[in-house]
Number of protein chains: 2
Amino acid sequence: MSVSDPVDVLRRFNRGYTQRVGALEESFLGLGMPLGTARLLYEIGVEPGTTRSLRARLGLDSGYLSRLLRRLEDDGLVALGPDPVDRRRRRVALTAAGRRTWDELERRSAERAHRLVDPLTERQRARLSAALAEADLLVRAATVELETVAPTAPLARRAVAAYLTEVGTRIGGAGTFDVEAELAADAGRLAPPHGAFVVATSAGAPVACGGVQALADGGAEIKRMWVDDAWRGAGLGSRLLRRLEELARELGHAVVHLDTNAALTEAIAMYERAGYRQVERYNDNPHATHFFAKDLT
Amino acid sequence: MSVSDPVDVLRRFNRGYTQRVGALEESFLGLGMPLGTARLLYEIGVEPGTTRSLRARLGLDSGYLSRLLRRLEDDGLVALGPDPVDRRRRRVALTAAGRRTWDELERRSAERAHRLVDPLTERQRARLSAALAEADLLVRAATVELETVAPTAPLARRAVAAYLTEVGTRIGGAGTFDVEAELAADAGRLAPPHGAFVVATSAGAPVACGGVQALADGGAEIKRMWVDDAWRGAGLGSRLLRRLEELARELGHAVVHLDTNAALTEAIAMYERAGYRQVERYNDNPHATHFFAKDLT
DNA sequence: CAATTTCTCTGACTAGAGTCAGCGAAATGA
DNA sequence: TCATTTCGCTGACTCTAGTCAGAGAAATTG
């Protein structure tokens, strides 16, 4: 067995790691709370939300979640209130007592981690840190899911809003966007029959997106390419790009265009790596400074 | 929270990893077999044994194990027979069908790992591989346990034998050792009241060792320093060295000596990093070419 | 040889984790 | 506005995982 076959390395790691460190999870126990309940409490503490968002994050059945929440509520650890946006849903947040329990969970978990790292020297800890951060990013990237969704879907709207915010700040305050107007424009052009929109999600949260639309004078155009800051460097951009090109091909196009701004240096580098060549300005987008095209062979 | 604090990175990794890949464990499912049963089958496949040894390895209740075994037997996957040594116990081994199921478990586990790695590019896979291998080594190293044992203990004998084999091959066939004679010599000098022997174990197997003895003309000497090939580069050597110096101090010595061979380059580098300075030959060891000493402040 | 201990197995439990169908309230679309 | 869809909640389940006490066979001890 080759030491460097990623599959073998992964399996070897997995076996060793879950045996030694997997016990970390069980640190949730010892608070007299079942694991599922503790996991939920922990997740609420990390970021409160609606029943819906929690379900997505933890992958739970709605009935099951409902029951778990009730138990936490009975114990006085969480407070439930109606969601003003959609009164069928409920918003969940920790109470003061819940926060104290959460802090205790945090403390115990950190203590366990600390004990594991303790026998290592400073240098080794740094090495472990770097290795785990790298592995974390790549594993996360590998498990991201690409979904084609309507540009009006909440997921898509959030992703595009994030895109606009970032581009706005990157290219300077001058050209900030009217988010609602932009979203409204997307609704038609980035949807079938002439377009498509793809969101990359991780544990239910959007981490990257991109769309294709048909250009008036033929060919397709890729728009709204965005990768969350924390997810850069894991090849998510090129994966998304490949998917969008595929969609453009399915829509019957033989060439894709895209425009971008000089400030978005990583994006430009990625387009070049992906085989895009720089072309003349093909639209009047005031925010665009660079224009690219690629033939879909 | 600093991104590079090892404790935080470890915890972040842990959360993401067990969520995404921890499911790997669940790959045991999908054979229509509950997790516990599959784990037991797997363990029997790795190494058959008595009910008793399996209970110890998996940490199961005897009643529970009994039930699980019966289920496996009913399914024709394992064969149970009385243990000739103690007829209250039973010996357990896989049947041919059990072996096939075991192989299938292996195959699926590998396939899952493969699927995880699949969306990544070649380069990313290599990065992931390297990162996991590094993390694996360090996590293993962090969970290694140092025990002071008698040099006659089976664990110690195995470690010293490995040491002698390695040194023998490294410094060339010329000076191979009489293993039994060397072990007999250690028995007296590397044990209390004038010496000590330390073995580093991981999951019960020796992975490094080292001993201290008193020199005739004063001072202590470190001997039998060995780190298993697969465990190099994780700082196990320096950790062991520190422990041995501590033991030398406790034995009342103010200075430690050690000798080594020019062929053992990593060891020499480690001694220098640890503050050892080269000194004149202080014994007539024919295998030694380099001599070191360090003051215990 | 008898008494005691050790060992596995059985039966009777409990709690956790999760699934599924269906209900009623709220939101959405025609 | 009315029909449809979405949403969360409830009740009724199932399956795992694991605990515990006690029975009976085998080994050990006095």
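Chain letters run A, B, ... following the sequence lines, proteins first and then strands; every chain starts at 1.
The pair B:Asp136-B:Arg140 counts as a salt bridge, with a side-chain nitrogen and a carboxylate oxygen less than 4.0 angstrom apart. Ion pairing of A:Arg115 with A:Glu111 is present here, as a side-chain N (NZ or NE/NH1/NH2) and a carboxylate O approach within less than 4.0 Å.
Proximity of residues 44-55 of chain A to DNA chain D (heavy atom under 4.0 angstrom from any strand atom) is restricted to A:Thr51, A:Arg52, A:Arg55. A heavy atom lying under 4.0 Å from DNA chain D marks the following residues of residues 66-83 of chain B, by number: B:Arg67.
Following rounding to the nearest Å, A:Leu35 (CG) and D:dA17 (P) show an atom-to-atom distance of 14 Å. Atom pair A:Tyr64:OH and D:dA12:C1' shows a separation of 16 Å (rounding to whole Å applied).
Side-chain contact between A:Leu41 and A:Leu68 is absent, with no heavy-atom pair separated by less than 4.5 Å.
Residues passing the side-chain contact (heavy atoms from CB on, under 4.5 Å) test with B:Thr51 are B:Leu65, B:Leu69, B:Arg89, B:Arg90, B:Val92, sequence neighbours excluded. Residues that satisfy the side-chain contact (heavy atoms from CB on, under 4.5 Å) test with A:Glu134, not counting sequence neighbours, are A:Leu138, B:Arg127, B:Ala131. Listed by chain and number, the residues in a salt bridge (Lys or Arg N to Asp or Glu O under 4.0 Å) with A:Glu246 amount to none (sequence neighbours excluded).
Side-chain N or O atoms of A:Arg224 include none that pairs as donor or acceptor with a backbone N or O of A:Phe197 at under 3.5 Å.
Nearest-nucleotide mapping onto DNA chain C: of A:Thr37 and B:Arg90, the residue sitting toward the 5' end is B:Arg90.
Backbone-only contact: A:Gly36 has heavy atoms under 4.0 Å from sugar-phosphate atoms and none from a base. Using a 4.0 Å heavy-atom distance criterion, A:Asp61 is classed as a base contact.
Counting non-hydrogen atoms of neighbouring residues, nucleotides and ligands closer than 6.0 angstrom, the CZ atom of A:Arg239 exceeds 12 such neighbours. Counting non-hydrogen atoms of neighbouring residues, nucleotides and ligands closer than 6.0 angstrom, the CZ atom of A:Arg70 reaches no more than 12 such neighbours.
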Please assess A:Trp231 against A:Ser202 for the test side-chain contact (heavy atoms from CB on, under 4.5 Å), listing each intermediate value before the final yes or no. CA-CA 10 Å; A:Trp231 291 77; A:Ser202 175; 3.3 Å; yes
Candidate pair A:Val212 and A:His253, rule side-chain contact (heavy atoms from CB on, under 4.5 Å), full reasoning: CA-CA 11 Å; A:Val212 212; A:His253 299 287; 5.8 Å; no
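From the 5' end on, the contacts that DNA chain C makes with chain B at under 4.0 Å to a non-hydrogen atom open and close at C:dT6 to C:dA12.
Contact of A:Ser62 with D:dC9 (side chain to base): a donor-acceptor pair of N or O atoms is detected under 3.5 Å.
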